[in-house]
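Structure record follows, encoded as structure tokens.
In what follows, every chain begins at residue 1, and chains take the letters A, B, ... in the order their sequences are listed. The structure presented is a predicted model; accordingly, all values stated were derived computationally and were not measured. Heavy atoms only: backbone and side chains are in, while hydrogens, waters and symmetry mates are out.
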There are 2 protein chains.
Amino acid sequence: MLDDAARREIESATGLHDFYLEQLFTFGDPSRDPRSHVVSVAYMALVPHAYEPAPHPDFPRGHWFEFTSLPPLAYDHGEMAAYALRRLKAKLEYTNIAYAMLPREFTFAELEELYALILDRPIDRRNFRRRIMSMGILQELARKRGGPHRPAALYSFVHQSLHSIEML
Amino acid sequence: MLDDAARREIESATGLHDFYLEQLFTFGDPSRDPRSHVVSVAYMALVPHAYEPAPHPDFPRGHWFEFTSLPPLAYDHGEMAAYALRRLKAKLEYTNIAYAMLPREFTFAELEELYALILDRPIDRRNFRRRIMSMGILQELARKRGGPHRPAALYSFVHQSLHSIEML
DNA sequence: CCAAAAGTGTTTTAAATACACCCATGC
DNA sequence: GCATGGGTGTATTTAAAACACTTTTGG
């Protein structure tokens with residue numbers, strides 16, 4: 001129900017459907033006014049990294065920012081964004097959550113770049129590949145992506161919904 | 001503000017002050033009635049394991065259960081309780097959260113029993129001691145606890161508030 | 001001296017890290 | 001044949017797990 005409201009909001013702002021949505025935290029009084037009694041339930045939505053917003057009639061003055069270059073936000077919204085990023089970083093390590101930000105088919109390099117971008121640190125290609133493969137969240141496809149250089153193997157996620165890796 | 005409300009509720013039900021409190025999750029419609037539009041913000045409170053409720057005039061028909069033997073709960077309350085336990089288990093591994101359930105001074109055996117109870121699995125005494133010690137969350141006290149057997153060293157937590165262990 | 005709980009090390013196994021070269025393609 | 005990005009293996013370090021005996025006290 002709360003989820004539905006959040007989902008509708010993102011849908012109307014982006015035109016996207018079927019994006020990943022996760023509740024983060026509920027803030028008791030995010031407003032500057034101590035008497036307002038506003039309760040804000042914060043959500044994080046994940047959209048394909050390639051997404052670019054089209055100018056939208058309902059939000060002519062809206063803005064879209066890369067999470068890496070967020071401007072200062074009003075109220076406690078900066079706190080919310082920081083919290084979202086923290087959660088996302090954590091889930092990259094033990095879930096397949098990256099599926100929500102990549103196209104159905106992608107190369108290992110693209111996956112690696114996404115991880116490096118979000119985790120904000122360099123990643124060793126060989127160790128990364130070994131670690132991800134041992135999670136068993138990817139399947140290699142028969143097709144390869146052509147281009148000016150050596151063709152890259154294409155992968156897709158086994159599941160297109162959130163799955164945690166059990167740690168024994 | 002939400003925290004305050006939860007805190008007051010637990011205080012009046014238990015008579016305790018200064019207990020650990022943490023917001024868990026916000027449920028959009030926990031009621032059976034789909035039109036009720038109730039929003040429930042679930043919290044987890046931790047009290048000393050030794051706590052026993054005194055019969056309280058304001059809650060003459062209230063009940064107190066060990067988390068290990070909760071009865072079936074109405075609505076989605078069972079879901080909430082399960083979620084709380086999951087979070088608590090996770091935090092035992094990388095925080096000093098046990099401070100909230102132990103007296104100021106305790107023996108290593110008591111700490112170990114608490115972990116075994118919550119994690120619901122046997123714990124190897126030697127590995128456990130080494131792991132906890134390497135976290136640096138405990139300080140050994142000079143005094144020892146007497147008794148019919150070999151005296152046990154007493155420990156206390158360095159911090160009496162939540163601290164996470166940074167993993168390098 | 002016996003019962004009961006406290007305390008202590010070493011070996012094995014698995015996971016994380018560090019690190020550099022060859023491969024396949026288009027031009 | 002060369003520029004470009006794709007792909008691979010090993011050695012080292014660190015952490016987790018398995019495992020049993022000795023110590024101290026009170027009675």
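- Base contact: B:R125 has a heavy atom under 4.0 Å from a base atom.
- The aromatic rings of A:H63 and A:F65 sit tilted relative to each other, their planes meeting at an angle between 30° and 60°.
- Residue B:P148 is in base contact, counting any heavy-atom pair closer than 4.0 Å across all strands shown.
- Residue A:R129 places at least one side-chain N or O under 4.0 Å from the OP1 or OP2 atom of D:dG7.
- In this structure, B:Y20 and B:Y99 have perpendicular ring planes: the angle between them is above 60°, well past the 30° mark.
- For the pair B:P151 and A:Y155, both in contact range of DNA chain D, the more 5′-proximal nearest nucleotide belongs to A:Y155.
- Listed for the A:N96 side chain is a donor-acceptor partner under 3.5 Å among the backbone atoms of A:S161.
- If you measure from atom CZ of B:R130 to atom P of D:dC19, you get 14 Å, rounded to the nearest angstrom.
- The separation between A:E112 atom CD and D:dG7 atom P is 11 Å, rounded to whole Å.
- Evaluation of atom-type donor-acceptor distances gives no pair under 3.5 Å for the side chain of B:R150 against the base of C:dA3.
- In this structure, B:M133 places its CE atom 16 Å from C1' of C:dG9, rounding to the nearest Å.
- Atom CZ in A:R126 sits about 14 Å away from atom P in C:dT17, given to the nearest Å.
- Aromatic rings from B:H77 and B:Y75 are positioned such that their centres are separated by under 6.0 Å.
- If you measure from atom CD of B:E113 to atom P of C:dA5, you get 10 Å, rounded to the nearest angstrom.
- Here A:R131 does not reach the OP1 or OP2 of C:dA15: none of its side-chain N or O atoms lies under 4.0 Å away.
- In the interface, the side chain of B:H149 is not paired with the base of D:dT25 through any donor and acceptor atom under 3.5 Å apart.
- Of the possible donor and acceptor atoms, none in the side chain of A:Q23 sits under 3.5 Å from a partner among the backbone N and O of A:D3.
- For the pair B:I123 CD1 and D:dA18 C1', the interatomic distance rounds to 15 Å; values are reported in whole Å.
- Within the nucleic acid shown, B:G146 has no heavy atom closer than 4.0 Å to any nucleic acid atom.
- The interatomic distance linking A:D124 (CG) with D:dA11 (P) rounds to 16 Å, in whole Å.
- Atom CZ of A:F128 is separated from atom P of D:dG9 by 18 Å (rounded to the nearest Å).
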